[in-house]
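We name chains A, B, ... by the order of the sequence lines, and we start the count at 1 in each one.
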Amino acid sequence: MARHATRNDSSAPPGATTGKRWSVPRVLAVLALGLGTLAVAGRPERGHVVKLDARELAEIVGREADHVTPVELSAWIGEGRADYRLIDLRSPEAYAAAHIPGAENVPLAALPEYGLLRNEKIVLYSDGGIHAAQAWMFLQALGYAHAYTLLGGLDAWRASTGSPSGQAPLDEIAPPPARAPSSPPSIPPAVPRAGSRTKKEGC
Amino acid sequence: MMAPLYKFGAFGDELSLVVAFVIGLAFGVFLERAGFGSARKLAAQFYLTDLAVFKVMFTAIVTAMLGIFYLGWMGVLDLSLIYMTNTNIWPQLVGGLVLGIGFVVGGYCPGTSVVAMATGRIDALVYLAGVTAGVFAFGEVFSHLERFYESGDLGRLTLPDAFHLPYGVVVFLVVGVALLGFKGAEWVERRFRRVEV
């Protein structure tokens with residue numbers, strides 16, 4: 001008759017030590033428990049409180065690697081490139097009135113939670129450039145290394161279109177004619193016209 | 001921040017296939033070395049006599065979870081760029097049930113059946129034939145199942161989201177559950193395993 005026995009039958013005398021005190025599984029278990037306990041204090045996602053490396057940001061600005069020009073952006077639009085996201089930081093009303101082709105409207109306050117990805121190329125614009133510069137600063141601080149501003153903002157884009165009225169079409173603003181990067185478009189000084197709405201000081 | 005490597009352009013599509021091949025090769029080797037090329041060992045999981053599958057897989061989960069958490073905390077890995085499939089709760093419950101039944105009846109899951117076939121097991125070949133037939137059959141009737149297939153969409157749902165707990169607390173709890181689970185698995189194995197003398 002076969003005798004069944006439990007697997008943990010031990011041939012060692014009672015009271016004898018069996019196995020090492022610190023076996024590999026036990027060490028790994030202690031390590032995992034330690035890391036798990038330490039994890040309670042951790043935050044793997046970036047929160048809204050960030051650190052700025054001023055020297056790094058100054059170096060980026062000094063290299064002029066913080067912006068794209070209207071000429072460059074118009075070339076991308078003309079080529080049909082889809083490897084960037086164009087963000088319009090103005091109000092929904094201003095966006096609805098006119099915006100650069102392909103732009104997404106994201107007011108400044110909503111930008112951190114919008115769902116931009118850190119491996120995307122992001123081009124930010126506002127009317128003049130101040131809000132775009134602010135948005136660029138905190139996107140850089142949040143780890144968005146491929147964020148850029150549109151140099152001169154929408155004002156520079158409008159000036160580059162050569163529109164005689166300086167006013168944009170209702171739906172979208174046409175891209176400026178592509179020129180060689182060595183000859184950036186000249187931006188004439190603003191001349192107020194009778195009856196035209198006062199141009200808001202660019203933000 | 002430099003990871004996920006592919007998402008940050010460290011390598012392109014062609015090299016990503018090579019990387020996938022190497023990772024798959026290593027995965028197959030480790031599964032085979034863990035004994036998961038044997039239907040007998042895999043099915044023993046469900047008879048509670050050998051819970052190696054539970055222990056190995058949960059160990060892998062804890063290792064990956066801690067690695068991802070700490071790499072994200074160090075700023076090396078961007079968690080928002082890691083691919084995650086959506087949670088469609090109803091079809092995934094039904095699919096899990098079907099997979100479980102197939103696992104205990106056939107003795108393999110799809111991945112381990114490939115490992116077993118690579119080691120020359122005929123039953124694994126038959127199992128894979130069944131898997132392939134099932135895939136084609138599903139494709140043929142998908143139009144009738146599509147509505148159910150897309151039902152219960154909860155989006156990209158994680159445990160911290162589901163339980164409204166901080167990520168780190170969930171990590172601690174999962175580690176705790178794993179360690180208790182390993183201890184419990186050993187007790188269950190001793191309870192249910194019989195050795196004929």
Side-chain angles (χ1 to χ4, degrees), chain A residues 1-11 18-19 23-53 56 82-85 111-122 139-147, chain B residues 1-10 49-50 55 58-59 61-63 65-82 156 158 160-161 165-183 186-187 189-197:
Chain A
M1 178 184 294
R3 179 168 67 87
H4 296 277
T6 55
R7 185 135 172 112
N8 58 349
D9 268 357
S10 173
S11 58
T18 52
S23 60
V24 171
R26 187 166 289 190
V27 168
L28 290 176
V30 170
L31 185 64
L33 191 59
L35 290 173
T37 306
L38 187 63
V40 174
R43 294 194 61 183
E45 305 111 338
R46 292 215 182 190
H48 57 274
V49 179
V50 295
K51 291 183 181 177
L52 278 177
D53 186 336
E56 182 185 355
D83 61 344
Y84 68 97
R85 292 179 77 173
L111 196 61
E113 311 298 330
Y114 186 59
L116 297 170
L117 301 179
R118 288 186 176 83
N119 62 336
E120 291 181 307
K121 187 184 294 182
I122 301 163
L139 282 186
Q140 286 284 333
L142 286 170
Y144 292 84
H146 306 292
Chain B
M1 195 161 283
M2 60 191 75
L5 297 176
Y6 175 75
K7 292 287 181 70
F8 280 95
T49 57
D50 186 344
K55 286 186 273 188
F58 217 150
T59 301
I61 288 169
V62 170
T63 305
M65 177 187 68
L66 289 172
I68 286 170
F69 181 86
Y70 280 96
L71 286 174
W73 192 3
M74 289 189 292
V76 173
L77 175 64
D78 187 342
L79 270 61
S80 65
L81 291 176
I82 297 176
R156 285 173 42 134
T158 62
D161 295 334
L165 290 172
Y167 196 140
V169 172
V170 172
V171 168
F172 173 74
L173 291 174
V174 171
V175 170
V177 167
L179 295 177
L180 289 173
F182 297 154
K183 206 66 184 169
E186 288 176 4
W187 177 85
E189 285 174 336
R190 284 195 299 270
R191 172 77 176 78
F192 286 92
R193 191 179 293 165
R194 291 290 182 266
V195 174
E196 205 166 288
V197 176

If the condition is salt bridge (Lys or Arg N to Asp or Glu O under 4.0 Å), which residues does B:K55 pass it with, not counting sequence neighbours?
B:E189

Report the option among A:A145, A:A29, A:A41, A:G36 that has the most heavy-atom pairs separated by less than 4.5 Å from atoms of chain B.
A:G36

Can you sort out the partners of A:E120 under salt bridge (Lys or Arg N to Asp or Glu O under 4.0 Å), two or more places apart, ordered by chain and number?
A:R85

For chain A, which residues of residues 167-178 of chain B have heavy atoms nearer than 4.5 angstrom
B:Y167, B:G168, B:V169, B:V171, B:F172, B:V175

Quick check: do A:L38 and B:Y70 have side-chain heavy atoms less than 4.5 Å from each other?
yes

For B:S80, side chain to side chain contact (heavy atoms under 4.5 Å, CB included) partners two or more places apart
A:R118, B:D78

How far apart are the closest heavy atoms of A:A32 and B:V62, and which atoms are they?
CB-CG1, 4.5 Å

